[in-house]
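Worksheet: the structure to be examined is printed underneath.
Just the heavy atoms: all of them, side chains too, but no hydrogens, waters or symmetry mates, feed the values below.
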Amino acid sequence: MKLIPYLNFAGNTEEALNYYQKVFNGTVHDLNRFGDMFPPEANYKDKIMHARLEFGDSMLMFSDGMPGTPIDHGNGIYLSIGLNDEAQARSIFDQLGEGGKITMPLEVQFWGALFGQVMDKFGVSWMINCEM
């Protein structure tokens, strides 16, 4: 069994997908647009119905969501990235923080790991945990 987060964005999924592809050095698969699958609303033709980003052993899925459905990321979910490489942890944290908001600086914590929290420019909350 594997948990795979599925992220929906309010019309800017392609920008978010390209951003995360760069941050995590991932590969995009199965990019399907609404216009490729069925006749959507005119302004949704080029929006992403489904895409998959793979990086390391991880995967995120993406969509612009269904037309007319509001997107609210809320504050109850964080995506947590576990790493063993401090330089990589700092790089990912810094990139996610660009244009976003650092909610907890990346620092060594009482459990011995380098840990920080950030909300990125798309409103997605992340926890970065690097075992030292």
Side-chain angles (χ1 to χ4, degrees):
M1 185 181 306
K2 186 174 187 177
L3 176 66
I4 302 169
Y6 205 115
L7 303 175
N8 287 267
F9 295 89
N12 61 342
T13 296
E14 190 149 12
E15 179 187 359
L17 177 61
N18 291 333
Y19 174 76
Y20 295 128
Q21 179 184 22
K22 179 182 169 237
V23 169
F24 297 116
N25 193 28
T27 304
V28 175
H29 300 277
D30 303 329
L31 194 147
N32 300 297
R33 298 186 186 279
F34 279 93
D36 297 336
M37 303 314 220
F38 53 88
E41 295 178 13
N43 63 343
Y44 242 66
K45 178 180 171 237
D46 294 325
K47 299 297 180 191
I48 294 175
M49 186 178 87
H50 172 78
R52 183 168 49 100
L53 176 67
E54 293 183 2
F55 54 99
D57 316 0
S58 299
M59 181 189 319
L60 292 171
M61 293 188 190
F62 296 83
S63 178
D64 277 304
M66 294 306 291
T69 304
I71 304 296
D72 177 12
H73 289 288
N75 64 358
I77 296 176
Y78 284 76
L79 299 180
S80 181
I81 303 292
L83 301 133
N84 293 315
D85 180 308
E86 183 177 344
Q88 185 181 26
R90 289 188 185 283
S91 174
I92 289 171
F93 186 84
D94 291 345
Q95 289 180 75
L96 291 172
E98 289 175 14
K101 179 182 176 187
I102 294 172
T103 54
M104 182 177 185
L106 190 63
E107 297 175 343
V108 177
Q109 301 298 323
F110 66 90
W111 61 90
L114 186 65
F115 179 83
Q117 297 177 332
V118 60
M119 179 184 289
D120 70 27
K121 64 184 178 181
F122 298 103
V124 176
S125 296
W126 297 87
M127 293 178 177
I128 306 300
N129 191 76
C130 180
E131 298 295 328
M132 304 296 278

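Linking ILVMFWY residues whenever their side-chain heavy atoms come closer than 4.5 Å, directly or via other members, leaves M104 and F93 in distinct clusters. Each of L31 and M61 belongs to its own hydrophobic cluster when Ile, Leu, Val, Met, Phe, Trp and Tyr are linked at side-chain heavy-atom distances under 4.5 angstrom. Note: the hydrophobic cluster containing M59 does not contain V23 (ILVMFWY, side chain heavy atoms under 4.5 Å, direct or indirect links). When the side chains of ILVMFWY residues are joined at heavy-atom separations under 4.5 Å, either directly or via intervening members, L7 and L3 end up in two distinct hydrophobic clusters. When the side chains of ILVMFWY residues are joined at heavy-atom separations under 4.5 Å, either directly or via intervening members, F34 and I71 end up in two distinct hydrophobic clusters.
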Please report the C-alpha distance between V124 and M119 in whole Å, then the side-chain angles of each, then the deciding distance to 0.1 Å, and finally whether the side chain to side chain contact (heavy atoms under 4.5 Å, CB included) criterion is met.
-> CA-CA 5 Å; V124 176; M119 179 184 289; over 6 Å; no

Side chain to side chain contact (heavy atoms under 4.5 Å, CB included) between I102 and L96, intermediate numbers included | CA-CA 9 Å; I102 294 172; L96 291 172; over 6 Å; no

So E131 and L83, side chain to side chain contact (heavy atoms under 4.5 Å, CB included) or not? Walk me through it.
-> CA-CA 6 Å; E131 298 295 328; L83 301 133; over 6 Å; no

Could you go through the side chain to side chain contact (heavy atoms under 4.5 Å, CB included) check for L17 and I48 one step at a time?
-> CA-CA 10 Å; L17 177 61; I48 294 175; 4.2 Å; yes

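When only modelled atom types and interatomic distance are considered, E14 and N12 share no side-chain donor-acceptor pair under 3.5 Å. Judged purely by distance below 3.5 Å, without hydrogens or angles, the side chains of S91 and Q95 pair a donor atom with an acceptor atom.
Side-chain atoms of T13 come within 3.5 Å of backbone atoms of D64 as a donor-acceptor pair (strictly under, hydrogens ignored). No donor-acceptor distance shorter than 3.5 angstrom exists from the side chain of E86 to the backbone of N84, with no hydrogens or angles considered. S63 places a side-chain N or O within 3.5 Å of a backbone atom of M49 that can act as its donor or acceptor partner. Between the K47 side chain and the G11 main chain, a donor and an acceptor come within less than 3.5 Å of each other.
Considering every non-hydrogen atom in both Y44 and P67, the closest pair reads CD2-CG, 3.5 Å. For Y6 against H50, the heavy-atom pair with the smallest separation is OH-ND1, 2.6 Å.
At a threshold of 4.5 Å between non-hydrogen side-chain atoms, the residues L106 and L114 count as touching. With a 4.5 Å cut-off on side-chain heavy atoms, V28 and F62 do not count as touching.
Remark: aromatic rings of W126 and F24 are close, center separation under 6.0 Å.
The structure places CD1 of I128 at 6.0 Å from CD1 of I92, a figure rounded to the nearest 0.5 Å. The distance from atom SG of C130 to atom CG of D85, rounded to the nearest 0.5 Å, is 6.5 Å. To the nearest 0.5 Å, the span separating CD on Q21 from CG on L60 amounts to 12.0 Å. Distance check: F55 CZ to I81 CD1 gives 4.5 Å after rounding to the nearest 0.5 Å. Going from atom CG of N18 over to atom CD of E15 covers 8.5 Å, rounded to the nearest 0.5 Å.
In this structure, F9 and Y20 have tilted ring planes: the angle between them lies in the 30° to 60° band.
A 6.0 Å sphere centred on CD1 of I77 holds no more than 12 heavy atoms belonging to other residues, nucleotides or ligands.
Under the 4.0 Å criterion applied to side-chain N and carboxylate O atoms, D30 and R52 are assigned as salt-bridge partners.
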